[in-house]
Each structure stands twice: as C-alpha cells, then as structure tokens.
Amino acid sequence: MKRFFQFSALLFSIGTVGLASCKKEVKAPKVTECPASSSLIGTWRLTSRECECLPSPTPNEMVIFTASGFAFYRDGLLTSSGTYTFGTATPCGSSPVPGLTFAYTGTNTAPHSVAYTLTSTQLILDRGVACDAPRDTYVRLP
C-alpha cells in the first residue's frame with residue numbers, strides 16, 4: 001500500500017509539473033497602422049458593388065482622394081465631397097477594423113466611418129455588407 005501512495009504521489013508530481021509547463025499563449029491585440037494618406041491619393045473607379053439589392057449593372061462611379069479630401073462622382077457628376085480621416089470602423093457592430101471617416105461638405109449628413117482595405121491597385125469600402133449596406137470595390141486609375 002505504501003508503494004501505491006508513493007507511485008500516486010510521483011504521478012501527481014509529474015502531472016502537476018507537466019501542466020504547469022503548458023501555458024496558454026496570449027496574443028497581444030493586433031495594432032493596425034494607418035497607411036500614409038499618399039497611398040490613397042488618386043482616382044479610383046468602381047468595379048463591383050456587393051449588396052442586398054436587385055441585380056443591376058455596376059454604376060459608373062468614381063472617387064477621387066486628395067491628401068485630406070474626397071469627391072464621389074456618378075456618370076461624371078459630383079454626388080458628394082468632403083474631408084476624410086484615417087481611424088477605425090465597426091461595421092455591423094463587429095470588432096474595430098481600419099476605417100475612413102467621411103465628413104461631408106454642404107449636407108446635413110453626420111460624419112460616418114467605413115471599413116476599408118487598400119492595396120496599391122485596389123480599394124474596398126465596406127459600409128456594412130453584413131447589415132445590407134454596400135461593399136464597393138474600386139481600382140486605381142492611372
């Protein structure tokens with residue numbers, strides 16, 4: 001019986017040391033850096049729109065970004081403009097993601113943030129596709 005308790009104590013010690021050496025890896029929160037505004041500057045043409053809407057051809061829309069301003073055009077006519085800042089957005093109440101906050105000029109529209117994904121040739125503005133708001137994909141024009 002004494003050997004059983006010694007053996008049990010040995011197994012308990014080994015198990016305790018084994019469990020103590022296993023620690024859960026804790027990841028630091030992901031920090032998203034805002035790109036330089038220069039990477040956004042330029043003219044972008046809409047190539048696709050995802051939304052909960054009737055199927056239709058992709059509208060003839062463009063957006064032009066300067067160092068701090070934007071202007072949206074449809075069929076060559078200005079539809080909205082204003083200034084933007086880099087920050088975060090929480091589309092549909094999701095976790096914060098990189099965002100652009102648009103402050104419109106000459107309208108009663110409150111500033112609002114949209115999630116964005118930016119590469120050298122593509123810009124995606126997601127206003128909350130999961131909540132029936134559009135997700136627009138643009139390509140950079142030369």
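- Of all heavy-atom pairs between Ser113 and Ala89, the closest is CB-CB, 3.9 Å.
- The two residues Gly82 and Thr105 have their closest heavy-atom pair at CA-OG1, 3.2 Å.
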Go through it in stages, so that I can follow the logic: the residues are Thr90 and Val97, the test is side-chain contact (heavy atoms from CB on, under 4.5 Å), and I'd like the CA-CA distance, side-chain angles, deciding distance and then a yes or no.
CA-CA 6 Å; Thr90 52; Val97 295; over 6 Å; no

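- Among all heavy-atom pairs drawn from Pro134 and Cys51, the shortest one is CA-CB, 4.1 Å.
- The structure places CG of Leu40 at 12.0 Å from CD1 of Ile64, a figure rounded to the nearest 0.5 Å.
- The closest side-chain heavy-atom distance from Asp126 to Val114 is not below 4.5 Å.
- Between atom OH of residue Tyr116 and atom OH of residue Tyr138 there is a gap of 15.5 Å, rounded to the nearest 0.5 Å.
- Pro111 and Thr101 make their closest contact through CB-CG2, 4.1 Å (heavy atoms, listed as atom of the first residue, atom of the second, distance).
- Atoms OG1 and CG, on Thr47 and Leu123 in that order, are 10.0 Å from each other to the nearest 0.5 Å.
- A distance of 6.0 Å or more separates the ring centres of Phe72 and Tyr104.
- With Arg140 contributing its side chain and Ile41 its backbone, the two residues share a donor-acceptor pair below 3.5 Å.
- Residues Thr119 and Trp44 come closest through the heavy atom pair O-CH2, 4.0 Å.
- If you run side-chain contact (heavy atoms from CB on, under 4.5 Å) between Ile124 and each of Thr117, Leu118, Asp136, only Thr117 comes through.
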Walk me through whether Glu61 and Arg49 qualify under salt bridge (Lys or Arg N to Asp or Glu O under 4.0 Å).
CA-CA 11 Å; Glu61 292 183 3; Arg49 174 168 286 155; 2.7 Å; yes

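- Contact between Thr137 and Gln122 at its shortest, heavy atoms only, is CG2-NE2, 3.3 Å.
- Judged purely by distance below 3.5 Å, without hydrogens or angles, the side chains of Thr83 and Ser68 never pair a donor atom with an acceptor atom.
- Here the straight-line distance linking atom CG of Asn60 with atom CZ of Arg74 works out to 9.5 Å at 0.5 Å rounding.
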Working note: Val63 + Arg45, criterion side-chain contact (heavy atoms from CB on, under 4.5 Å); need CA distance, chi angles, decisive distance, verdict.
CA-CA 7 Å; Val63 59; Arg45 182 177 49 85; over 6 Å; no

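- The hydrophobic cluster containing Phe70 also contains Phe86, counting ILVMFWY residues as joined when their side-chain heavy atoms lie under 4.5 angstrom apart, directly or transitively.
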